> 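Here it is: the structure, laid out below.
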Amino acid sequence: MHVVVTGASAGIGEAVVRAYAKRGADVTLVTGPAALEVPHVREVVKVRSAAEMHEAVISRAADMHVVVMAAAVADYTPADRAAQKVAKEGDTLTLVLKRTPDILADLGQQRRASGAGPVLVGFAAETEQVIARATAKREKKHVDLIVANDVSRPDAGFDVGTNAVTFVGPDGVEELPLQPKSRVAAEILNRIEKLLAARPVKSL
Ligand code: C5P
């Protein structure tokens, strides 16, 4: 089985990579330059921008069974890159930012247009209206499963080993108890397996 996972800096993305490696999947990890070294990965693609991640993921998607978008992709990026050091002038500085491409939404759109493609999993880190926002995200981006979590909880945020997530999938909403990220990752893989089993057979 071929899987793309994005983002793996000590979070749930890394736990997903480890869980897939343990199950013998061929994992391509697309990640930023500061990522940890994760063993048992077939390919590591290091990217430096949302645009590079977009290209790396989209160009591989057709050959993949699953894409797990665990990266916290920046929503905006500077519109221009200064060729030289910017000299200071005045007391304030205004930067113009432009929207980055939404990788997950583009994957969802492509799959809708072609009628085939990988199982798509996205994440929704929220501080309020967690379920409503995750549900809206799932519909808007046309993905199979959204893993939502309330990052305002002290025991379920970015810097801890545990997480309490809620799955929003085709069968509705399922709340999981607080548990180690490795367990959360195993649960995500189990849901993906169900999603794969429910779709027409595709041999790669
Ligand atoms: O809309 P929001 O950024 O909250 O959605 C989060 C999900 O969308 C995550 O799975 C993230 O990896 C993905 N995403 C993306 N491209 C972006 C922004 C977010 O694929 N430019």
Side-chain angles (χ1 to χ4, degrees), residues 3-17 19-20 27-36 38 44-62 64-79 97-113 117-153 156-158 163-170 173-174 176 181 184-185 187-189 191-192 195:
V3 180
V4 170
V5 181
T6 67
S9 37
I12 198 74
E14 186 196 349
V16 168
V17 168
Y20 261 127
V27 180
T28 295
L29 173 61
V30 181
T31 190
L36 304 176
V38 181
V44 179
V45 185
K46 294 221 168 165
V47 295
R48 300 193 61 89
S49 65
E52 278 183 29
M53 182 172 280
H54 185 272
E55 150 66 19
V57 174
I58 299 281
S59 65
R60 286 168 175 82
M64 296 291 153
H65 293 93
V66 182
V67 177
V68 179
M69 282 295 307
V73 186
D75 292 322
Y76 291 90
T77 190
L97 304 177
K98 61 174 192 238
R99 277 285 287 271
T100 55
D102 191 319
I103 303 162
L104 196 54
D106 285 354
L107 287 168
Q109 199 49 51
Q110 278 189 3
R111 196 176 59 167
R112 246 163 79 89
V119 165
L120 300 177
V121 180
F123 287 75
E126 305 289 349
T127 55
E128 54 180 358
Q129 297 174 28
V130 178
I131 306 300
R133 289 188 179 176
T135 305
K137 224 159 263 185
R138 179 174 177 270
E139 279 161 21
K140 188 170 157 225
K141 301 195 188 199
H142 305 293
V143 304
D144 300 291
L145 179 68
I146 290 281
V147 181
N149 76 320
D150 182 349
V151 288
S152 66
R153 283 179 58 147
F158 292 110
N163 212 342
V165 302
T166 302
F167 290 148
V168 181
V173 174
E174 188 188 348
L176 274 69
K181 283 182 179 168
V184 175
E187 294 286 1
I188 293 170
L189 266 55
R191 293 311 175 285
I192 293 172
L195 288 163

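Along the sequence shown, the residues carry numbers beginning at 1. Just so we're clear, the structure is a prediction, and the values are computed from it rather than from any experiment. Atoms within each ligand, like the ligands themselves, are counted from 1 in listed order.
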> Would you give the length of the straight line joining atom CZ of R60 to atom OG1 of T28, rounded to the nearest 0.5 angstrom?
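Here the rounded value is 6.0 Å.
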
> Name each donor-acceptor pair under 3.5 Å that joins a side chain in residues 128-136 to protein atoms two or more places apart or in another chain, with its distance.
residue, atom, partner, partner atom, Å
T135, OG1, I131, O, 2.7

> Under 3.5 Å, is there a donor-acceptor pair between the side chain of D144 and the main chain of L120?
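Judged by distance alone, yes, a pair lies under 3.5 Å.
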
> Could you pull out all residues at least two apart from E187 that satisfy side-chain contact (heavy atoms from CB on, under 4.5 Å)?
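Applying side-chain contact (heavy atoms from CB on, under 4.5 Å) to E187 gives F167, L176, Q179, R183, N190, R191.
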
> Check whether any side-chain N or O of D102 sits under 3.5 Å from a backbone N or O of L104 as a donor-acceptor pair, and report yes or no.
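Judged by distance alone, yes, a pair lies under 3.5 Å.
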
> Can you work out which protein residues put a heavy atom within less than 4.0 Å of ligand 1?
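Lining ligand 1 at under 4.0 Å, by heavy atoms, one finds M69, A71, V73, D75, T100, P101, D102, I103, L104, G122, F123, K137, K141.
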
> Please, which pairs that meet side-chain hydrogen bond (donor to acceptor under 3.5 Å, both in side chains) have at least one residue in residues 50-59, sequence neighbours excluded?
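Residue pairs with at least one partner in residues 50-59: H54-D106.
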
